[in-house]
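Chain letters run A, B, ... following the sequence lines, proteins first and then strands; every chain starts at 1.
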2 protein chains.
Amino acid sequence: MFGQTALAVDRSFPRMRATDARQSYSGTVLNLAKHRSVYLAGDDADRIYEVESGAVMLSRILDDGRRQVVEIVFPGGICGLSSGDVYESCCETLTPTVLRSFKKTDLAHSDTLRSRIVEKLQSQIARIHDHTVSLGRKTAEERVCTLILRLRELENVRADAKECSVALPMTRTEIADYLGLTLETVCRTLSDLNRRKLVQVGAKKSEIRVPNVERLRQVAHCDA
Amino acid sequence: MFGQTALAVDRSFPRMRATDARQSYSGTVLNLAKHRSVYLAGDDADRIYEVESGAVMLSRILDDGRRQVVEIVFPGGICGLSSGDVYESCCETLTPTVLRSFKKTDLAHSDTLRSRIVEKLQSQIARIHDHTVSLGRKTAEERVCTLILRLRELENVRADAKECSVALPMTRTEIADYLGLTLETVCRTLSDLNRRKLVQVGAKKSEIRVPNVERLRQVAHCDA
DNA sequence: CGCCTGTTTGACGACAGTCAAATTAGGTGG
DNA sequence: CCACCTAATTTGACTGTCGTCAAACAGGCG
């Protein structure tokens with residue numbers, strides 16, 4: 001099972017400054033099972049969330065039913081941002097997840113919090129840009145390999161390990177909606193990678209072994 | 001020509017607080033012609049920029065030459081963010097552009113500046129998510145129409161106008177690299193929209209008339 | 001065991017990509 | 001102002017990757 005143990009957890013919540021000592025500035029902790037809704041598109045956007053463990057996905061749905069997962073937020077990431085007064089995306093957990101939530105109004109008063117968020121958003125935007133490259137310019141195979149490598153990076157795998165095992169915290173449909181593909185294409189691509197021994201799909205379909213990380217990286221055409 | 005008059009300009013730079021009165025906190029102004037580099041991927045990421053007028057594009061290039069424009073930043077937007085100590089994307093102007101740049105070290109000391117940036121990044125991320133939906137789930141035609149409508153929104157067009165004229169501040173190749181298409185597909189799509197009278201491509205190929213905004217919106221499948 | 005959900009595989013078609021050539025726009029210098 | 005040259009755009013013919021529709025298979029749970 002893909003859960004709190006599988007994903008690297010950022011437990012380093014900064015000590016509050018004296019001026020931030022009001023209770024609410026350290027946030028409210030939320031404990032959610034998998035496939036639970038955090039908020040829906042159109043909800044009043046009064047809170048932001050920091051993922052402490054687990055993972056959530058942000059998605060948008062077009063009127064004709066097409067869905068795109070616009071972002072997956074892992075521990076240390078922020079969700080619940082919005083440009084207007086309602087959320088544009090809907091947010092749901094992929095796995096059992098712990099969130100820390102803050103009122104937007106508190107954000108306006110806490111420099112510590114804002115400072116922390118600016119820091120986090122910088123790398124978060126960089127990751128979104130990575131994904132934009134996948135969606136705009138990569139083939140189905142490259143997208144799938146890139147995702148596997150990205151998930152590997154998030155687990156507690158020694159960076160230089162030659163081989164590893166990666167847990168996919170999502171269904172084939174969710175992978176497809178994240179990668180801008182259909183679930184059939186995701187299946188076929190995984191089957192093909194499996195045949196060519198670039199990955200080994202386990203008995204549990206969500207367990208992927210990568211016998212040769214470097215070879216997968218070449219197929220993925222990752223910059224990183 | 002697409003320039004400072006065509007794009008809505010945000011001139012409202014906030015008055016500095018007393019503690020922010022050091023000269024550098026109001027930034028350094030940069031005046032650039034079109035198609036000038038602001039920074040390259042791999043450059044030391046010591047500054048962030050706010051677009052005052054014009055537009056810049058952030059792009060990434062894969063080792064085999066494929067390019068993806070990951071973001072177009074319009075007046076009011078921020079660029080120069082990075083997760084590490086070097087820029088991951090390269091940044092160049094699309095049109096004549098005025099930028100205000102700040103040292104990252106100043107960012108660490110100015111609450112006013114950080115507060116302003118958090119605000120801006122929220123809507124900026126929402127726009128990136130819009131674009132993610134285009135890349136992941138929309139057809140070539142929908143992507144082109146969505147871009148035209150987005151550019152319209154940025155110009156000083158009355159929101160309720162039934163028809164309008166939009167300037168494309170970029171070449172067909174740049175449009176293609178932004179929309180995850182080839183330049184041939186962008187051309188064909190525009191020609192086809194032109195034939196079907198959904199747009200009128202002007203003598204200047206970068207001038208697009210939209211006779212019926214509402215009809216274009218239907219074709220674009222915009223949520224917004 | 002039977003049902004429901006998630007996954008896999010197959011056959012076929014369509015949208016967009018590739019390669020190539022023609023046409024047009026824009027800039028420079030005579 | 002015009003001739004020329006280069007870059008940008010447009011169009012065509014063909015190909016390939018991925019989407020669509022459909023059916024079979026596997027796993028979890030009452």
Side-chain angles (χ1 to χ4, degrees), chain A residues 1-2 33-35 62 64-68 94-95 134-147 167-196 199-208 219 221, chain B residues 1-3 33-35 62 64-68 94-96 134-147 167-196 199-208 219 221:
Chain A
M1 170 56 55
F2 191 94
K34 80 168 168 179
H35 290 139
L62 298 183
D64 58 3
R66 283 176 284 181
R67 180 174 78 156
Q68 177 65 41
L94 282 175
T95 62
S134 276
L135 293 180
R137 288 298 178 217
K138 290 192 180 177
T139 63
E141 182 171 282
E142 290 167 335
R143 294 183 207 187
V144 170
C145 293
T146 301
L147 175 61
L168 302 178
M170 55 213 312
T171 67
R172 300 290 189 258
T173 301
E174 287 163 347
I175 294 174
D177 286 347
Y178 180 56
L179 298 181
L181 302 169
T182 59
L183 84 146
E184 293 95 329
T185 299
V186 171
C187 276
R188 268 189 265 272
T189 303
L190 278 169
S191 297
D192 192 52
L193 289 170
N194 191 58
R195 261 189 296 280
R196 291 156 54 200
V199 306
Q200 287 174 353
V201 180
K204 253 185 282 185
K205 306 296 186 172
S206 63
E207 279 294 330
I208 304 286
V219 175
H221 282 98
Chain B
M1 169 58 57
F2 191 95
K34 79 168 167 178
H35 290 139
L62 299 183
D64 57 4
R66 282 175 286 181
R67 181 175 78 155
Q68 177 65 42
L94 282 175
T95 62
S134 277
L135 293 181
R137 288 297 177 218
K138 289 193 181 177
T139 64
E141 182 172 281
E142 290 167 335
R143 294 183 206 186
V144 170
C145 293
T146 301
L147 174 61
L168 304 179
M170 54 212 313
T171 67
R172 299 290 189 261
T173 302
E174 287 162 347
I175 294 174
D177 286 347
Y178 181 55
L179 298 181
L181 303 169
T182 59
L183 83 146
E184 293 95 328
T185 299
V186 171
C187 276
R188 267 189 266 271
T189 304
L190 278 169
S191 298
D192 192 53
L193 289 170
N194 190 59
R195 262 189 294 280
R196 292 157 53 201
V199 306
Q200 287 173 353
V201 180
K204 252 185 280 184
K205 306 295 187 176
S206 63
E207 278 295 330
I208 304 285
V219 176
H221 283 98

Output one line per pair: protein atom, nucleotide atom from nucleotides 8-12 of chain C, and distance, for all N/O pairs under 3.5 Å.
residue : atom : partner  : partner atom : Å
C:dT8   : OP1  : A:Arg172 : NH2          : 3.4
C:dT8   : OP2  : A:Arg172 : NE           : 2.8
C:dT9   : OP2  : A:Ser191 : OG           : 2.3
C:dG10  : N7   : A:Arg188 : NH1          : 2.8
C:dG10  : O6   : A:Arg188 : NH2          : 3.4

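Going from atom NZ of B:Lys34 over to atom P of C:dG26 covers 9 Å, rounded to whole Å. Taking atom CD of residue A:Glu141 and atom C1' of nucleotide D:dG16, one finds them 14 Å apart after rounding to whole Å. Straight-line distance from the CZ atom of A:Arg137 to the P atom of D:dC18: 14 Å, rounded to whole Å. Rounded to an integer number of Å, the gap from NZ of A:Lys138 to P of D:dT17 is 18 Å. For B:Asn194 and D:dT9, the CG to C1' distance is 13 Å, given to the nearest whole Å. Nucleotide C:dG6 holds its P atom 13 Å from the CD1 atom of A:Ile175, rounded to whole Å. A:Glu174 places its CD atom 9 Å from the P atom of C:dG6, with the value rounded to the nearest Å. Atom CG of B:Asp192 is separated from atom P of C:dA14 by 16 Å (rounded to the nearest Å).
Interatomic distance, B:Leu135 CG to B:Arg143 CZ, rounded to the nearest 0.5 Å: 5.5 Å. Taking CG of B:Leu179 as the start and NZ of B:Lys138 as the end, the distance is 10.5 Å to the nearest 0.5 Å.
Counting only heavy atoms from C-beta outward, the side chains of B:Thr185 and B:Val144 never approach each other to under 4.5 Å. With a 4.5 Å cut-off on side-chain heavy atoms, B:Asn194 and B:Gln200 count as touching. Counting heavy atoms from C-beta on, the side chains of A:Arg137 and B:Asp177 come closer than 4.5 Å. Residues B:Arg66 and A:His221 are in side-chain contact: their nearest non-hydrogen atoms beyond the backbone lie under 4.5 Å apart.
Comparing the axis of the opening five pairs of the helix from C:dC1-D:dG30 to C:dG30-D:dC1 with that of the closing five pairs yields an angle of 40°, rounded to 10°.
Looking only at distances, a side-chain donor or acceptor of A:Arg172 sits under 3.5 Å from a matching main-chain atom of A:Lys205. B:Arg196 places no side-chain N or O within donor-acceptor distance of the main-chain N or O of B:Ser191, the cut-off being under 3.5 Å.
Between A:Ala203 and A:Thr139, the residue whose closest nucleotide on DNA chain D is further toward the 5' end is A:Thr139.
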message: Under the criterion salt bridge (charged side-chain N to carboxylate O under 4.0 Å, His left out), I'd like the reasoning laid out for A:Asp192 against A:Arg188: C-alpha separation, chi angles, the key distance, then a yes or no.
response: CA-CA 6 Å; A:Asp192 192 52; A:Arg188 268 189 265 272; over 6 Å; no
